[in-house]
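Numbering of ligands and ligand atoms starts at 1, following listing order. A quick note: this is a predicted structure, and the numbers were derived from the prediction, not measured.
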Amino acid sequence: MRRTATVAGIAAASLILAACGGDGDGGTDGATGGGGGGGGDQVEVFTWWAQGSEKAGLDALVGVFNEQHPDVEFINGAVAGGAGSAAKDMLQSRLQAGDPPDTFQAHAGQELTDYINAGQLEDVSAMYDEFGLTDVFPQDLIDLLTVEDAIYSVPSNIHRSNVVWANPSVLEEAGIDPAAVPADIDAWIADLEKVQAAGKTPLSVATTWTQVHLLETVLMADLGEEAYNGLWTGETDWAGPEVTQALEHFETLIGFTNTDRDGLDWPESTQMVIDGSAAYNVMGDWAVAAFEEQGIERGTGFVDFPVPGTDGMFGFLADSFTLPVGAPNPDGAKAWLETVGSLEGQVAFNKAKGSIPARTDADPAEFSEYQQSAIEAYADDAIVPSLAHGAASPIAVLNGVSDATSKFTTGASDLATFQSELATAAGS
Ligand code: GAL
């Protein structure tokens with residue numbers, strides 16, 4: 001019940017923003033969407049899954065695509081940089097220059113709504129009918145892809161953001177029981193101090209977007225489900241004392257991180273836990289694919305738990321694929337979207353990517369123990385939208401939050417300035 005109410009609230013907020021967002025009709029001109037537009041012998045697929053375990057996920061999807069559509073050539077338009085940190089700007093330039101890829105990766109929720117409001121996406125609901133997708137995704141998720149009865153993308157997967165990945169040997173060396181999960185951020189800080197005393201990096205982090213990712217999980221932990229959701233509906237005051245408390249925690253946590261953070265992307269910071277130079281890393285559950293790819297086993301090689309204070313919350317994000325207005329190969333894009341939405345495509349992709357299928361009819365037994373736990377959490381927990389991965393806020397808000405965060409963690413602003421800049425970025 002709680003979950004439905006929460007996500008419905010976020011969907012309602014999207015509609016309100018859509019209504020205020022300028023042209024707002026979502027570009028539902030029906031020019032393509034049903035196919036038949038030609039250009040079907042190739043498809044340029046734009047993602048940020050350019051390397052490592054993320055590329056392995058994309059490769060698995062491409063494997064199914066090549067089987068299902070042997071006549072359509074896959075052109076890899078991936079741009080490196082976790083969370084689309086470089087890709088999203090490049091995509092925006094291409095869209096504005098009238099040079100869209102045939103399909104691009106976009107996060108369900110506010111990020112997608114931005115593209116819809118800008119009239120950059122075609123309605124693909126006819127494909128939902130044609131490919132039998134209407135009933136295979138959770139209604140909450142469909143709501144995040146829909147504006148005014150038109151559906152603008154096909155989801156490939158669901159990731160969880162609020163996960164701590166830890167190295168059990170490093171914890172034991174520091175006198176911490178790897179099976180004992182700290183109850184809240186303060187209890188976790190006590191453990192981070194022990195790791196520091198033992199001479200290892202307590203918490204690994206990387207460049208700005210991963211710091212924003214950490215920040216969102218601290219906000220979830222300290223504010224709780226309702227007040228965290230209120231940050232995105234305007235009901236929670238960004239300038240208020242509960243946010244100050246979360247920012248103080250964030251400041252303390254950043255103090256436990258590696259100083260070379262701004263030069264790293266997520267794979268390097270997660271690798272510090274794999275290699276045993278750091279104890280903990282907060283990262284979305286694409287990290288599990290990095291552990292698994294290197295043969296590191298859950299329990300003995302790594303442990304995972306919700307960020308302390310966020311037990312019972314599922315920090316939600318989902319990737320999806322679009323049909324941009326003016327795509328040169330709409331039939332190629334249609335073929336790609338068919339594979340993305342297919343059961344076979346979702347199983348192959350998500351097994352390699354660490355995420356869980358967006359489709360509800362995949363057999364959990366096909367997936368790893370970690371993924372089975374994520375499938376259960378997604379069903380049982382309160383769903384709260386990720387900030388760093390486009391579910392909670394429009395791209396402009398995230399950009400403002402990222403700038404403020406980078407200033408703060410590089411010492412260019414103090415906590416009070418940080419908080420007021422966040423409030424400005426969020427428009428409150
Ligand atoms: C997220 C994306 C994930 C994963 C991650 C790290 O934004 O949704 O699929 O790719 O970035 O790059």
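- Pocket lining of ligand 1, defined as residues with a non-hydrogen atom under 4.0 Å away: Trp48, Trp49, Glu54, Gly82, Ala83, His107, His159, Trp266, Trp286, Leu317, Asp319, Lys353, His389.
- Looking at Lys55 and Asp59, a side-chain N of the basic residue comes within less than 4.0 Å of a carboxylate O on the acidic one, giving a salt bridge.
- Distance alone, capped at 3.5 Å, is enough to place a donor-acceptor pair between the Asn76 side chain and the Ala78 backbone.
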Assess whether side-chain hydrogen bond (donor to acceptor under 3.5 Å, both in side chains) is satisfied between Ser368 and Glu292, documenting all intermediate values. CA-CA 9 Å; Ser368 72; Glu292 284 168 0; 3.3 Å; yes
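- Side-chain atoms of His107 come within 3.5 Å of backbone N or O of His389 as a donor-acceptor pair.
- Judged purely by atom type and a 3.5 angstrom limit, Ser204 uses its side chain to pair as donor or acceptor with the backbone of Ser269.
- Listed for the Asn329 side chain is no donor-acceptor partner under 3.5 Å among the backbone atoms of Asp102.
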